[in-house]
Structure formats: C-alpha cells, structure tokens
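The block underneath contains the structure these notes are about, expressed in structure tokens.
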2 protein chains.
Amino acid sequence: MPRPHSALRLVDVAAEAGVSLATASRALAGRDGVSERLAAHVRRVAGELGYVANMHARSLAGGSTSTVGLIVHEIGDPYFSEIASGVLRLAGTEDRMVQICHSGRDPEVELRQIRMLIAHRVGVIIVAGSGYTDPALQAESKAELAAFQEAGGRVAVIGRHHVSADAVLPDNEAGGRAVAEHLLSLGHRRIAIVSGPGVLTTVTDRLAGIAAALERHGLRLADLPVVQTDFTGSGGRLAAAEILREYPRTTAIIALNDAMAIGVLSTLRAHRVAVPERISVAGFDDVSVAADLNPGLTTVRLPMTQMGELALELALKPPVARPRRKGTGHELVVRDSTGPVPS
Amino acid sequence: MPRPHSALRLVDVAAEAGVSLATASRALAGRDGVSERLAAHVRRVAGELGYVANMHARSLAGGSTSTVGLIVHEIGDPYFSEIASGVLRLAGTEDRMVQICHSGRDPEVELRQIRMLIAHRVGVIIVAGSGYTDPALQAESKAELAAFQEAGGRVAVIGRHHVSADAVLPDNEAGGRAVAEHLLSLGHRRIAIVSGPGVLTTVTDRLAGIAAALERHGLRLADLPVVQTDFTGSGGRLAAAEILREYPRTTAIIALNDAMAIGVLSTLRAHRVAVPERISVAGFDDVSVAADLNPGLTTVRLPMTQMGELALELALKPPVARPRRKGTGHELVVRDSTGPVPS
DNA sequence: CTGAAAGCGCTTACAG
DNA sequence: CTGAAAGCGCTTACAG
C-alpha cells in the first residue's frame, strides 16, 4: 500500500536530534520524563524535517489516533452538512482527519457506526444526530461510548443524548417557544404543527417549547393538529397536503425543521395558497437557503457551523470530571412567510 | 487508546479454524496460495466469530486500508454534500469508512489534503472538486496521485482533472448547451452569464457549451456580459446587482451553478424585478431545493448522489490499463424561472 | 498448498 | 532524566 514519499520515521528524527527512539517519542507526545530543553529540541528537529507520525504504527503500539469520527443522520441534509462544515474547518486547522458516517436516524445503524469508529481507533467521536427519547434505544450506544471514554477516547454530542459526555445543546425548547410566541402574537390560534419522528429528542424539545408558549395563551398543544412525518422536504409536502385537506381553517403552520418547512411552502404554492396572507409558515434551523426562498422563511436560527466547531473544540479539550454542556443560543429570524392572522 | 470489546485477532481465527496465521491471512485477503476449500472454511469461521481486521496492523504490515478519502471543495455546499451522500451510502454497504476533507477551491490546500490522506494510508482517494484549467496548478497533486496509484492505491475523480485516473465526467458542456438553447429558443438574446472562477474546468466547460449554443444562433459569448464571481450564493447576489446596474437591458441570466442562481433570484426579488416576466433565470446542478424555490428554478440536472456512488464504484473495481471515463448524462429541468423574452 | 519468522513504526513498561 | 527491548496485530518473502 502507498507509503508517502516522506517516509520519515521517528528513528530518523531521533537520530537527527541525537536522542533515543524512546526519548523522541516521549518528547513529541508531550509526555513527561524528558527535560524540557531536550523535548523542545526534538520538537524543533521534527518540525524542520516535516515529520508526521505514522498513525497506524502509533495506534498499533497503543497510542491514540488523531482522527475524528463524526456521525450524522444524513450528510445530504443541509442541517448536517453545515455542522460537518464546522467540524471539518476546525479539524483542518488542527491537522486532523474526519471520518463521517451516516446513521440514517436508525439507532441500530448508529450503534454499528460507533463500533466501526471504535474499531478504527479514532481518538474522538462526535455524534451530531438527535438523541432518542427512549433510553432503551440508545442503551447499547451509550455503553459503547462509555467504554470508549473509559479507555481514553473523547466524545462530544450535539443534542440531548443519554450519554455522559460533553454536549452542545441546541436551544430547541427556547426556540420552539420563540417561534410559537411569534405566531400567537400575530393573532394566530388555529396553528398546525408539522412534526418529525416523535422518538427524537430534537422533536420533543421543540414541541415542548411550543406547548409552553401555547399554554401562556390558554391553548393546549393537544388540541392542535400535529402531523408526524419524515424530517425531510417530502415529509413536509405530504404533511401540508394533509393539513389542507383535514384542517382547512388552519392559519399558521410550524414545521419542526426548515427542510419540512420548505416542503410545506412548496405544497402550499402548488395549491395556490397565499403565504402569509392565508397561511403563515415558520421553520426551524435557518439553513442557508431559508433566506433565499420566496417568501423568505421565518425560522429559528441555530448556529450549525459553530455547533460543529464547538463540539470538536470541547472534545479536544482535556476531559473534566463533569461533562461540559454548552447551550447554542438561538435567534428568531422573522422574514416574509409569517404575517398577521387573516381577518 | 480504546480497543474494541471484540479484541478478536487473526491468531484467534486461525486457531479456531485450525490453520496457521499465514494461511488465515491469505484466506481472508483472497490471495491465492490456499486451497479453495480451506479458504472458504477460514472465511466462514471468521464470519461466525465476527472478526474484523485491525486496519492499523494491516496497514503497518504493508497491507492496504479499506478507508476511502474524499476531497470536496466545501461540504456545506449542497452540490458536494449530495455527492458525499452518495459516497457515504455506498461505502456504508461495503463497510468502509470515509474520510472527508475540504480543499476550499485552493490547489495548495488540495495538495496538502491529498498528502494527508496518503500519509493516513487510505486505500482509495476520490477527488470531487472541479479540476483546474491550468495544469501547473495541479502538477504536484497529479504527481502525488500518480505515485499513490503506482503503489497500489485507487483513485477516482469527479470532473475534468489533469490526472490519469478513473473519472466521472459531469455533462457540463452539453448541459451548458442545453440551458443556453432553452433561453435562445424563448427568444432571449441579451443574456448575461454569472460565472464562477475561470480557473475551474467546471466553469470553462459550462461556458464552452453556452458558447456553442450561442454560435448556432449567430451570437458570440465574447459579446455578452460574463460576470465572474464566487461559486456561491453571495457571489450570485453581487453579480446580479452588477448586471442590473451595468446591463439593465438584460432579459435572461444564466448562473453557472444553482448556488449562484439562488443568489441571483434573491437579488432580483429585492429589486422587485419580476422573474421570469422581466428577467429569466437559469441555474446548473439541480440541487434539491431548486424545485422548492419560488419561482421554481429552471436548471440542468446533474445526478450528484449517483455521481458520488459511481465514483466510489469505479474506484472499487480492479484497475484497468486505460482509466475508465463515465459520463453522467444531464437533463434540462424547465420550471418557472424562465419564460419568453418580454416584448 | 502450508507454515515459521521477520518486520512494518510506533509506545511503554522496565532498567539504569 | 534517558535508553534498550518487548510487543501491538498484521502481511509477506522465504522455506518446505
């Protein structure tokens, strides 16, 4: 198999620096047991020579690998591709490679991928897909990740997972509250929800926020139509058709992510339903095209790219006793797809 | 570093199967020198035990790695995330991991990433970003990839690159011709082009197609405004503003990819320019939101997901003397953003 | 067709 | 603080 031109080995660096293999290894790993002066010298020599450790040898010998494993539900979905972009960007500046795999929103596949990544001896695992509300669905993944951390691996998750690890927590509940408040303040009461799979914590958290806002206005989520569908554009299209058919008096639709909201807009347009004059539509995430739609989509902005960067940043920090948890903040972005309730 | 529970080694499989380490290795690698009966037996035992080779040991010993390296310009761009999705999908079914990295449309970064991937001993490299028209810009990458292939690595590229490797060739020129023909047949003559960086083969090929169509109608590309900008949404926005300002009589705009076309639509909308009544707009790629825009974007569909799958498929086939080249086909998708020239 | 042994490039006890 | 040596789990000449 290909071996890089620069088949420079640690022995070469050691020889050049005039130290033993062991000392060179310790110096570069930043392990103690080497005088600071010597270590600095070795590092300088390694730098001048452009030495890059053979990750396979390192891993085989029991060292850790700099590779980052990233699990997303589906990279073709802009929500995840923006997160991945953030991870790749930061990884690039740290000279780390990123292995990406699909979980397809299937806990079993997710488990398989986690095992694959561990088998490949990645040093870091980032789980970017939503967690599952039912702990049983994640029990095995949780055990696997715990063992991985026990053995020195680093883990960070994006979203609410049943895993004890550093976490980036999207402002799902507060965002749900904000978007619902927005529609309520515009006078809407006959609001329909286009929801994703109820097993995802992302979905339940966003719904919880919406429910909280409704209650402050004396409404109950249970009394509103909640159409559960795929977390995708075609899911949104189907759901919108159902809403038009079953709940024709609806004046506003909240889709639990932008992909679905875009599908909703598409169906409404096909049915020549004026947005926002007859029905207001709001989404969640603020994927980059949301601003370019017509009408521009009112949505809750989550900083996906930064979320990816932040997750990797957390994972790269030395672990602490209690996992870190970082909120993301959110921002209600009001564009043209929402307006006053039709009189 | 984390070691999987199933720290099952090849010796364990060999013992269980009652053969030597060497025989077990050969049997699983499908190398000859083992009777077919014995080999089958070893493979069955390995399967039952759930054995997975330690890729690091394999790589160190000189074997090849099943990891796939994928280089994209920017994973946040839907064109690339759809290609990546195809690669990940096929890789998943083959139990291969995929390492993705950004080249940022910078030949130097691309070269660095290629070197990184080779240093990580990936078995396959897929270059998904456009090639560069100037061979000098790719000279080093080309040499690096050639050496990699020489050493047994497999390479596939998407787009026209100065590399001798299996290639998936998007129908850029024919697509350019199709979209230009479409606008010409609608009566447009004052067509402006929103172009990406002229150093990319994707750009020059699409322009060449447009030029060919124009010539058939007695027009010359050189006489039309070609605004060169970033291959992104904001590039499209800027270019559209320039066109409105400098070439106010323009009746149609061809953007060389959908990202830019979406930016163009956005700017036209901000300026209250009716599409397609006053200006028609067409894009290229058919990213998934193109259908959901309002007006729906007329564009040239390239099968990005399949392109990703196909590239990996080619790379996974045994190499042949002459690199394979597969065209992608294309399809002009006429939606609502293009219409007859205003009278 | 099959096996014993060397070696890939590291890290890490174990001595000094 | 530093070094010599064993060992990680494979593959691949080299013998038989």
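Source: prediction; values computed, not measured. Below, chains carry the letters A, B, ... as their sequence lines are ordered, and counting in each starts from 1.
Under the 4.0 Å criterion applied to side-chain N and carboxylate O atoms, B/Asp77 and B/Arg105 are assigned as salt-bridge partners. Under the 4.0 Å criterion applied to side-chain N and carboxylate O atoms, B/Arg112 and B/Asp106 are not assigned as salt-bridge partners. A salt bridge is defined here as a Lys NZ or Arg NE, NH1 or NH2 lying under 4.0 Å from an Asp or Glu carboxylate O, and A/Glu94 with A/Arg89 fails to meet this definition. In this structure, A/Asp166 does not pair ionically with A/Lys326, as no charged nitrogen and carboxylate oxygen lie closer than 4.0 Å. Under the 4.0 Å criterion applied to side-chain N and carboxylate O atoms, A/Glu48 and A/Arg43 are not assigned as salt-bridge partners.
Ranking C/dC10, C/dT2, C/dT11 by closeness to the A/Ser25 side chain, first place goes to C/dT11. Checking D/dG3, C/dT2, D/dT11 against every side-chain atom of B/Leu38, the shortest atom distance belongs to C/dT2. The side chain of A/Arg9 lies closest to C/dC10 when the candidates are D/dT2, C/dC10, C/dT2. Distances from the side chain of A/Leu60 to the nucleotides D/dT11, D/dC8, C/dT11 place D/dC8 closest. Closest to the B/Ser20 side chain, of the nucleotides D/dT11, C/dC10, C/dA4, is C/dA4.
Here C/dG7 presents its C1' atom at 17 Å from NE2 of A/His56, a figure rounded to the nearest Å. Between A/Asp12 atom CG and C/dC8 atom P there is a gap of 12 Å when expressed in whole angstrom units. Rounded to whole angstrom, the span from the CG atom of A/Leu10 across to the P atom of C/dT12 amounts to 12 Å. To the nearest angstrom, C1' of D/dC10 lies 20 Å from CZ of A/Arg58. For B/Met55 and C/dG9, the CE to P distance is 16 Å, given to the nearest whole Å. Between B/Leu28 atom CG and D/dG9 atom P there is a gap of 16 Å when expressed in whole angstrom units. When the P atom of C/dC1 is taken as reference, atom CZ of B/Arg37 falls 13 Å away, rounded to whole Å. If you measure from atom CG of A/Leu21 to atom C1' of C/dC8, you get 13 Å, rounded to the nearest angstrom.
At least one side-chain nitrogen or oxygen of B/Tyr51 sits closer than 4.0 Å to the OP1 or OP2 atom of D/dC10. At C/dG3, one or more side-chain N or O atoms of B/Thr23 fall inside 4.0 Å of OP1 or OP2 (strictly under the cut-off).
Between B/Arg96 and B/Ser66, the closest heavy-atom pair is NH1-O, 2.8 Å. Residues B/Ser103 and B/Ile71 come closest through the heavy atom pair CB-CG2, 3.9 Å. The two atoms that bring B/Leu70 and B/Ala128 nearest to each other are CD1-CB, 4.0 Å, heavy atoms only.
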Restricting both atoms to N or O, compile the protein contacts to nucleotides 13-16 of chain C shorter than 3.5 Å, with distance only.
unit_1	atom_1	unit_2	atom_2	d
C/dA13	N6	A/Arg26	NH1	3.4

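Side-chain atoms of A/Ser85 and B/Glu74 include a donor-acceptor pair closer than 3.5 Å.
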Practice task
Both distances under 3.5 Å, Watson-Crick or G-U wobble: on that basis, could you give the dot-bracket string for DNA chain C, with [ ] for crossing pairs and | for other-strand partners?
Solution key: |||.||||||||.|||
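Ranked by how close their nearest DNA chain D nucleotide is to the 5' end, A/Ala39 and B/Asn54 are led by A/Ala39.
The aromatic rings of B/His56 and A/His56 are tilted relative to each other, their planes meeting at an angle between 30° and 60°.
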